[in-house]
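Chain A is the first sequence line, chain B the second, and so forth, proteins listed ahead of strands; every chain is numbered from 1.
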Protein chains: 2
Amino acid sequence: MKLKELAEQLGLSQTTVSRALNGYPEVNEATRERVNKAALKFGYSANANARRLAMGRVGAIGIVVPIHSSERFGPHTSEFLSGLAERLSRDEIDFLITPLINNDEISAYKRLISSKRVDAMIVSHPSLVDERVAMLAEAQFPFVLHGRTNIDTPHAWLDIDNKGAFYQATSHLLDLGHKHIAMIDGLKGFTFSEHREEGYRNALNERGISIDPNFIVHDCFSDEIGFRETQRFLSLKPHPTAILAGSMMTALGVSRAIRAKGYQLGKEVSIIAHDDVFPYLNASNMVPAMTTTRSSIRAAGTRIAEMLVRLLDGEPPETIHEVWPVELILRQSSGPPVVPAK
Amino acid sequence: MKLKELAEQLGLSQTTVSRALNGYPEVNEATRERVNKAALKFGYSANANARRLAMGRVGAIGIVVPIHSSERFGPHTSEFLSGLAERLSRDEIDFLITPLINNDEISAYKRLISSKRVDAMIVSHPSLVDERVAMLAEAQFPFVLHGRTNIDTPHAWLDIDNKGAFYQATSHLLDLGHKHIAMIDGLKGFTFSEHREEGYRNALNERGISIDPNFIVHDCFSDEIGFRETQRFLSLKPHPTAILAGSMMTALGVSRAIRAKGYQLGKEVSIIAHDDVFPYLNASNMVPAMTTTRSSIRAAGTRIAEMLVRLLDGEPPETIHEVWPVELILRQSSGPPVVPAK
DNA sequence: AATTACTTCCAAAGCGCTTCGAAATTGCGC
DNA sequence: GCGCAATTTCGAAGCGCTTTGGAAGTAATT
């Protein structure tokens with residue numbers, strides 16, 4: 001069923017029917033009602049492509065996901081997307097996921113723009129100087145960045161205070177009396193990783209504690225990395241008495257390795273993890289309950305969707321940006337260092 | 001830059017340029033080369049909406065995701081989507097995620113169809129008699145079902161042998177000498193849950209072991225449920241000496257509860273988990289390594305994408321379906337029951 | 001009754017592409 | 001050099017919708 005047929009059925013012109021359906025004011029309420037009822041009855045819904053072509057607006061936003069990188073399309077991404085969806089569905093905006101194979105991100109973004117398939121984009125996992133952001137900002141294409149990057153051209157972004165989070169966590173461990181603190185975080189190059197390391201370093205430097213490069217690991221977020229690297233840590237002399245984990249997945253592996261060594265979490269070795277809040281992996285339910293720096297990645301998604309809508313409504317990008325504080329939640333996995341019984 | 005402009009630049013007609021770009025044979029190779037070069041130079045890429053309108057084909061497939069259900073958009077989904085993407089990106093098909101708020105799935109599917117935004121769909125998490133499948137099959141809209149359902153109208157599907165998996169796992173535990181085996185699986189109503197329970201029941205029935213309803217749990221896949229329910233199990237008398245976990249997330253909670261009770265995995269209490277193969281959560285790296293029934297959900301995604309392409313190429317749906325066997329991988333978390341030391 | 005001001009509707013012109021049918025060009029054998 | 005077929009190119013008609021610029025009908029004002 002197409003507009004023309006519907007109009008014929010109703011004995012009205014296409015114009016009127018279209019207007020009635022799209023809520024334009026210049027149509028009699030009675031007529032509108034009649035049209036809506038008929039549309040429902042015949043299951044009519046406009047051909048999205050014709051509509052988009054005519055309007056020049058698409059009603060969809062784009063996300064480019066490199067599929068081979070589990071770092072980029074793992075549980076974080078799906079949680080984030082859920083958050084996005086929560087807000088976008090309200091405006092009937094759907095999202096288009098463009099898988100990226102050949103790693104030529106820039107041209108994937110360019111294609112997405114010039115093919116007019118989306119009204120805006122969301123960019124995630126920026127590096128310190130992100131060329132995607134540079135390109136999009138330059139092209140004045142609407143987008144919101146999840147994270148931060150050092151690009152001058154104005155653009156909208158939302159980031160959490162990763163530096164503050166790791167600074168806080170590290171400081172807390174130092175307060176507890178730890179002298180040897182290790183860190184397992186995400187891949188080098190991403191802004192969030194760099195910021196976290198910065199927070200960690202700042203806290204140590206402030207107390208005049210020298211930084212041992214062996215205590216800093218950048219890799220994917222997985223239990224395996226957490227486990228393997230923690231085993232390595234614990235074989236060092238002196239070994240760290242506290243470990244910062246960049247994700248809950250990492251933390252699972254870290255905990256396992258600590259336990260495998262016969263140590264107790266929060267005693268011989270403490271752990272503080274960053275928690276993006278996964279509904280299926282609850283820090284407070286762990287044994288012992290896990291001390292975390294917490295920030296819901298899902299909530300960030302929802303907020304970013306909100307920002308996107310504002311952007312599309314014409315608000316200038318330079319006014320749209322936020323840094324979210326991260327709360328340190330003390331639980332049982334962190335405590336003063338206990339010297340292992342011999 | 002639009003087709004018309006590009007054509008003018010080249011001194012050719014739109015027709016020829018369009019044909020050159022789309023690889024039609026009736027165009028001189030020299031001309032085609034010239035056109036391609038110019039398109040590249042000007043960064044031309046066709047307006048997708050105009051193209052779709054003219055062709056009636058979209059180059060996108062749709063997925064409806066209920067966003068409020070973590071059961072439906074969690075790590076399983078993102079892994080599955082990665083798999084899909086892997087295949088679909090080869091044909092430059094992208095996917096459209098339609099968030100579902102008001103739980104009126106059927107009408108969401110109908111809207112997606114009638115708005116012509118996608119060429120085909122993927123349906124996941126079917127129930128035993130799934131009305132979405134019934135509707136889509138009836139409407140002859142192309143789709144592939146991930147899972148199985150008892151709908152007569154022919155349709156394409158791929159499922160893993162959930163029944164066999166749980167039958168195998170249960171039988172193995174029985175072989176080891178377990179008499180009290182519990183099961184924590186996904187929500188009631190979904191086909192996979194029902195099939196798993198059926199496999200579990202069949203194995204027990206075969207050995208003449210009566211089924212204790214207290215030993216069967218259906219709920220979300222999360223560590224919390226795993227933990228809580230296992231605590232409950234272990235407070236029963238007699239308590240189960242083996243537990244089947246429907247997902248790795250569940251298994252994490254189960255393991256934790258077993259350990260919290262002072263028992264060892266694979267000794268006092270065994271555990272076999274279903275492993276969908278998450279890159280960040282590796283069963284063989286756990287301590288002790290986890291016995292699993294394994295089937296890569298990512299691989300299933302890739303295969304389903306393949307089936308979808310065949311479907312779109314005109315292959316009849318009734319010839320497209322597969323059941324994948326699930327392998328039982330014996331590791332250290334399952335062993336003969338050990339009576340707890342008093 | 002004539003003028004103005006709304007309200008309600010319509011015909012038709014795009015939006016940018018594909019594709020049909022026809023025209024122009026080329027190649028080949030005689 | 002001519003005729004015929006094969007190759008290459010083009011003009012124009014859609015695809016299904018939105019939207020502009022009026023026309024027609026109604027109510028309010030002079």
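In this model, the phosphate group of C:dG16 is approached by a side-chain N or O of B:K2 to a distance below 4.0 Å at OP1 or OP2. Applying the 4.0 Å criterion to OP1 and OP2 of C:dT19, one finds that B:S18 has every side-chain N and O outside that range.
For B:M55 and D:dA13, the CE to P distance is 22 Å, given to the nearest whole Å. What separates CD of A:E29 from C1' of C:dC9 is a distance of 15 Å, to the nearest Å. When rounded to the nearest whole Å, the span between CD of B:Q14 and C1' of D:dT8 equals 18 Å. Between A:N47 atom CG and D:dG14 atom C1' there is a gap of 14 Å when expressed in whole angstrom units. Rounded to whole Å, atom P of D:dC17 lies 16 Å from atom CZ of B:R52. Here C:dT7 presents its P atom at 13 Å from CZ of A:R32, a figure rounded to the nearest Å. For the pair A:E26 CD and C:dT7 P, the computed distance is 11 Å after rounding to whole Å. Note: CD (B:E8) to P (C:dG16) measures 13 Å, nearest angstrom.
Residues B:R19 and A:S45 each lie close to DNA chain D; by heavy-atom proximity, the contact nearer the 5' end of the strand is made by B:R19. For the pair A:N28 and A:T15, nearest-nucleotide mapping onto DNA chain C gives the more 5' position to A:N28.
Residue-environment remark: CD (B:E5) exceeds the threshold of 12 foreign heavy atoms within 6.0 Å. With a 6.0 Å radius and a threshold of 12 heavy atoms from other residues, nucleotides or ligands, B:E33 has its CD atom at or below the threshold. Atom CD of A:E322 has more than 12 neighbouring heavy atoms from other residues, nucleotides or ligands inside a 6.0 Å radius.
Which of D:dC10, C:dT18, D:dT18 sits closest to the side chain of B:N22 comes down to C:dT18. Considering only the side chain of B:L53, D:dG16 comes nearest among C:dC9, D:dG16, D:dT18. Minimum atom distance to the side chain of A:A50 is reached by D:dG16, of the listed D:dG16, C:dC17, C:dC9. Closest to the side chain of B:T16, from the set D:dT9, D:dT19, C:dG14, is D:dT9. Closest approach to the B:Y24 side chain among D:dG16, C:dT19, D:dT9 is made by C:dT19 (side chain taken as heavy atoms from C-beta onward).
Of the N and O atoms on the side chains of A:R117 and A:S115, at least one donor lies less than 3.5 Å from an acceptor on the other residue. Residues A:N47 and B:R52 have side chains that never bring a donor and an acceptor to within less than 3.5 angstrom of each other. A donor-acceptor contact closer than 3.5 angstrom is absent between the side chains of A:S18 and A:T15.
Overall, the helix from C:dA1-D:dT30 to C:dC30-D:dG1 carries an axis bend of 50° between its ends, with five pairs at each end and the value rounded to 10°.
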Given side-chain contact (heavy atoms from CB on, under 4.5 Å), test B:L136 with B:V133 step by step and report yes or no. CA-CA 5 Å; B:L136 290 169; B:V133 172; 6.0 Å; no

